[in-house]
Every structure is written in structure tokens, then in C-alpha cells.
Amino acid sequence: MPAPRRHGARHERRLIRALRRNDPRAVELVSEAYGSLLRGFLAEALSDRDAVQDVLQQTLLDVWRRGHDYDPERASLATWLLVIARSRAIDHLRRRVPEPVDPDSLAAFADRDRADETGALLERWRMTGMIAALPRDEGRILRLRFYEGLTQRQIAERTGMPLGTVKMRTVQALERLRLMLDREEPR
Amino acid sequence: VSGDNWLGDHLLGEETESDAAEAQRRLDADPALRARAARLAEVAGTLSELSPAAWEVASGRQPESSAPAPASGERAAAPVRRRWRPASPALTAVLVAVALALGVGVGALVWSGGGGRGGAGQSARTVALRPLPGAAGNAAGSARVTPAGELSLSVDRLPAAGAGRYYEAWLMTDDRHLVPLASFEVHGSGSARVTVPLPAPAARYRYFDVSLQTVSGGTAHSAHSVLRGPTGG
């Protein structure tokens, strides 16, 4: 997954260099480029506004500590960050659950459900990071189609693009997202 | 329907009955095309499950549900890019934690090179302040607590703070235990000498710290420390 379009590949390279050097500035760069993504993911995973700040803090600290381990060949930075955020979110949720009556059974089920839920959520937020990296027109078309619920014809009317262009870019955007997903190792 | 447009119509369910039948015929006849359609349908399925907050983030906006609450007393203002002002309380805390994590090593290094003396009275000696990662590599400084209870701080080879920025000296243990001592500027010479009464015994804190602050960033520690040395406390 390329860097979100609003930051650019150069910013991404700078960020990765800072992470690998253990440079404290990496935390600020990560927060600047991916803070909204991480905060959004954690807000949905935790449903607790106060906890989001705490877990985001733990995530950023973990990111800084593990920065030298990041391998761009294995996953995009957004995915790597989301995986760390997911781990910290699960830790938080695990701490919050009261002790089960039968730790061997209930805890295992609770953990599995939690892992499944946050795993699905992670996939959705991975996609979010990828949409942010699409060409602007394609991202806009997807938003109008899948968020605002417009048909391709209505999108053409709204944007002033020819209907054929809307249709072509819709398929291109889906293909591009598919390609980004395929380039990363399965989680 | 030209090119791949029919596929988009099919995936989104925006085709006429006759187009749907034609699309199905094409897919039935071509396993590779069928596999491609299935993989794109999976992407479309995930897109349709994204939350409003996710779409806000994808559009480069801060989702309302996850935006950090403004700090008490903070005025709403137009977004202005400020280089050293952390974007959120979480980031501030992490930056300070990171700076401290780095500073422990630096502090230990300075201390081990300082003759190995410890215990009471150590704050009366001069301690070296060493540059932290991210600061100018050859910057240096020293801090000395005078018998009159004043801090005599000396810095050299620091870059000029620049417009809208200044340096601040602190007594600090961690992000919750710190006290500002004095603001100062470094101009072209890279040097500054500051003598200031200490508001608390230096030994109650672990470090003498010098940070680079922005005028617009408030009075809290910016989390951008440039020099640090142990108080011996």
C-alpha cells in the first residue's frame, strides 16, 4: 500500500528511515500521517473514548520501540501500525473483562471472539488506509458509491464526470485495492 | 456496455435484467474472469462494511467520533501546522516518554563519565549536558547549582532557536514531574549563559533538561529535548 496521498511517498520514506533509526521524531511523523487511522480503528475496537487515548499512546510507544523491525517488503506501514494497534487493543480488552468462572473455557471463547472481531475490524481499517492512497477521483467515487449510496449514474451527475468514466474508475479503484491487498502477506 | 464497465455494473448490481443475463453468461464461460469478479466482489463487500468514521479518515478528515477532546481552556482555532506542537495528549505523553527513554541512557553515560561521585552535595558540582538524538550532534552544555541555590546554565553550539521558537531549561524526572526554570534564546553564536534561582531543590528531580519550545505551543514541555544531564538526585 503506498503512502496516503496527502502525505506522499517521500514523507513515507522519511518516516520509515526515522523509525529504523529509533529517532524520537518518528512518533510525531507517524502520528501526523496515520494518527487518524489509528484513532479511528481504536475508537471502533474499544468503544471507549478515554481508553482510545491510552491505547493510542501505548501503540505509538510500541511503534517507536519496534520501529527497527519494520520491513516494508512484508506489509505497508499502515497495516503494520494497525497490527500493533490491534495487539494493544486486545491487551486492553483482556484486562477489562472480569475473571471468568471457568478460565479454561470462557476465557478461551472470549479471547477467540475478541480476536475475530478485531481481526475483521483490522481488515476494514486496512482498506481505509488503502482508499486514502488511491488517486483522488477514485477515492471520491468509492466514497459516493459505498458511503453515500449513490448509483454510478448519480455519481456522474454529482461530479460532472461522464458516466463511462465513473464506471471505468470504479472498476479501476476496486482492482487497485485488490492489488494492494494481494501485495501484502496474509495477516 | 464497453470494456470492463459491465463488470462494475454487475458487481454493484446496477444492470438491467438483460445485461445481468449477459454478464452471467460471460462469467460462466470464463473461469479466470469469474475468479477476478469474485475477488473484486470481496473488495466491494468490505467497502460496504466500512463505518462512517472510516470513510472520514479515508477522505483525509478527522472522524468526529474519535477526535480528541480539546484540552480544557484551549481555544478552537483554524488548523495551523506547528512543527513541534504535538497533535494530541496521547502524542505528547509518548514523545515525552520516548525522550525520557533516550535520556536515561544519555544520563547514565554522563554520570559514569563524571567521576563516579554520588550522594549528598553532588548538585554543587558542574554536570555536563549532552545532546539528545535529534539535536545538533556537537551541542553541549553544563549546569551548576551555586551555593546560593541558583542554577548556572551554560550552552554552546546550539542552533539558533529561530522565529517563534525559544529554549527552555527544566528540572525533570518524567512527563508528570517537571518544573520550568528559565526561557532563553540562542542567536548566531550558538551560546547562552543563564543564571536563575531554583524554585525547588535540584536533587528532587533526575535531570537538568533543555527543550526547544514554540511560542504558539503553550507553556508545557514540547517533548523536544535537545540537551540533558543528571542532577544526581
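Below, chain A is the first sequence line, B the second, and so on; all start at residue 1.
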Inset, instruction - Could you pull out all residues at least two apart from A:R153 that satisfy salt bridge (charged side-chain N to carboxylate O under 4.0 Å, His left out)? - result: none
Inset, instruction - Taking only Lys NZ, Arg NE, NH1 and NH2, and the carboxylate oxygens of Asp or Glu, determine whether A:R25 and A:E28 approach each other closer than 4.0 Å. - result: no
Inset, instruction - With a 4.5 angstrom heavy-atom cut-off, could you sort out which part of B:E14 is near chain A: side chain, backbone, both or neither? - result: side chain
Inset, instruction - Count the heavy-atom pairs under 4.5 Å between each of B:G13, B:S48, B:S51 and chain A, then report the option with the highest count. - result: B:S51
Legend entry - Side chains of A:S76 and A:M180 in contact at under 4.5 Å (non-hydrogen atoms): no
Inset, instruction - Look at the rings of A:Y147 and B:W55 and say which category their plane angle falls in: under 30° parallel, 30 to 60° tilted, over 60° perpendicular. - result: parallel
Legend entry - Contact check, side chains of B:F208 and B:L171, non-hydrogen atoms, under 4.5 Å: yes
Inset, instruction - Anything under 30° is parallel, anything over 60° is perpendicular, the rest tilted; go ahead and classify B:Y167 against B:F184. - result: parallel
Legend entry - Pairs touching residues 208-218 of chain B that satisfy salt bridge (charged side-chain N to carboxylate O under 4.0 Å, His left out), sequence neighbours left out: B:D209-B:R228
Inset, instruction - Using salt bridge (charged side-chain N to carboxylate O under 4.0 Å, His left out) as the criterion, list what pairs up with A:R65, not counting sequence neighbours. - result: none
Legend entry - Contact origin within A:Q172 toward chain B - heavy atom pairs under 4.5 Å: neither
Legend entry - chain A neighbours within residues 33-42 of chain B, where any heavy atom lies under 4.5 Å away: B:R36, B:R39, B:L40, B:E42
Inset, instruction - Measure distances from A:T170 to the heavy atoms of chain B and classify the residue's part below 4.5 Å as side chain, backbone, both or neither. - result: side chain
